[in-house]
Amino acid sequence: MELADKMVGFLLSLTSLSIFTYYTFWVIILPFVDSDHFIHNYFLPQEYAILIPVFAGVVLLCLLAIFVGIVMLKSKKKKA
């Protein structure tokens, strides 16, 4: 089981590093590259650099609120 946990941790770290590198290049470096350069074909428009993290944050907060609500309802049922 330890090997599986290490592999999952490695894959999560690799995925996080890949996303961080892609996003950093997209937001910080790409605006300084000419707009007709071929590298722009691999990235979404700049508006999405703000919209995607905001949407992900809203979804995360909604899921967190739903989780807290379910836990509160279950604890209320146990008391009654």
Side-chain angles (χ1 to χ4, degrees):
M1 192 65 168
E2 290 180 20
L3 183 62
D5 290 341
K6 287 183 181 180
M7 185 58 91
V8 168
F10 176 75
L11 288 175
L12 286 173
S13 297
L14 187 66
T15 302
S16 298
L17 183 64
S18 299
I19 291 171
F20 176 77
T21 304
Y22 179 87
Y23 187 78
T24 301
F25 188 82
W26 182 25
V27 172
I28 295 175
I29 297 174
L30 202 63
F32 298 107
V33 178
D34 291 333
S35 60
D36 58 345
H37 197 273
F38 75 92
I39 197 75
H40 282 276
N41 296 333
Y42 298 107
F43 295 91
L44 292 173
Q46 286 290 76
E47 301 87 42
Y48 291 107
I50 300 297
L51 291 177
I52 291 173
V54 167
F55 179 74
V58 168
V59 168
L60 181 67
L61 286 175
C62 288
L63 291 174
L64 183 64
I66 290 170
F67 174 75
V68 169
I70 290 172
V71 168
M72 289 175 63
L73 287 174
K74 284 185 179 181
S75 69
K76 197 175 218 180
K77 286 180 183 178
K78 286 182 182 179
K79 288 182 182 179

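Keep in mind that this is a model prediction, so the values were computed, not measured. Throughout, residue positions are numbered sequentially from 1 according to the sequence presented.
Phe43 has its ring centre no less than 6.0 Å from the ring centre of Tyr48.
Listed for the Ser75 side chain is a donor-acceptor partner under 3.5 Å among the backbone atoms of Met72. Panel note: side chain His40, backbone Asp34; a donor-acceptor pair is recorded below 3.5 Å.
Hydrophobic clustering (ILVMFWY, side-chain heavy atoms < 4.5 Å, transitive): Leu3 and Leu14 are in distinct clusters. Criterion: ILVMFWY side-chain heavy atoms under 4.5 Å apart, direct or through other members. Under it, Ile52 and Tyr42 are part of a common hydrophobic cluster. One hydrophobic cluster holds both Ile29 and Tyr23 under the rule that ILVMFWY side chains link at heavy-atom gaps under 4.5 Å. Residues Leu44 and Ile28 share a hydrophobic cluster, clusters being chains of Ile/Leu/Val/Met/Phe/Trp/Tyr side chains in contact below 4.5 Å.
Closest of all the heavy-atom pairs between Trp26 and Pro31 is O-CD, 3.7 Å.
To the nearest 0.5 Å, the span separating CZ on Phe55 from CG on Leu60 amounts to 11.5 Å. Between Thr24 atom OG1 and Leu30 atom CG the span is 12.0 Å, to the nearest 0.5 Å.
Shown here is Tyr22, whose OH atom has more than 12 heavy atoms of other residues, nucleotides or ligands within 6.0 Å.
Using a 4.5 Å heavy-atom cutoff, the side chains of Phe25 and Ile39 are in contact.
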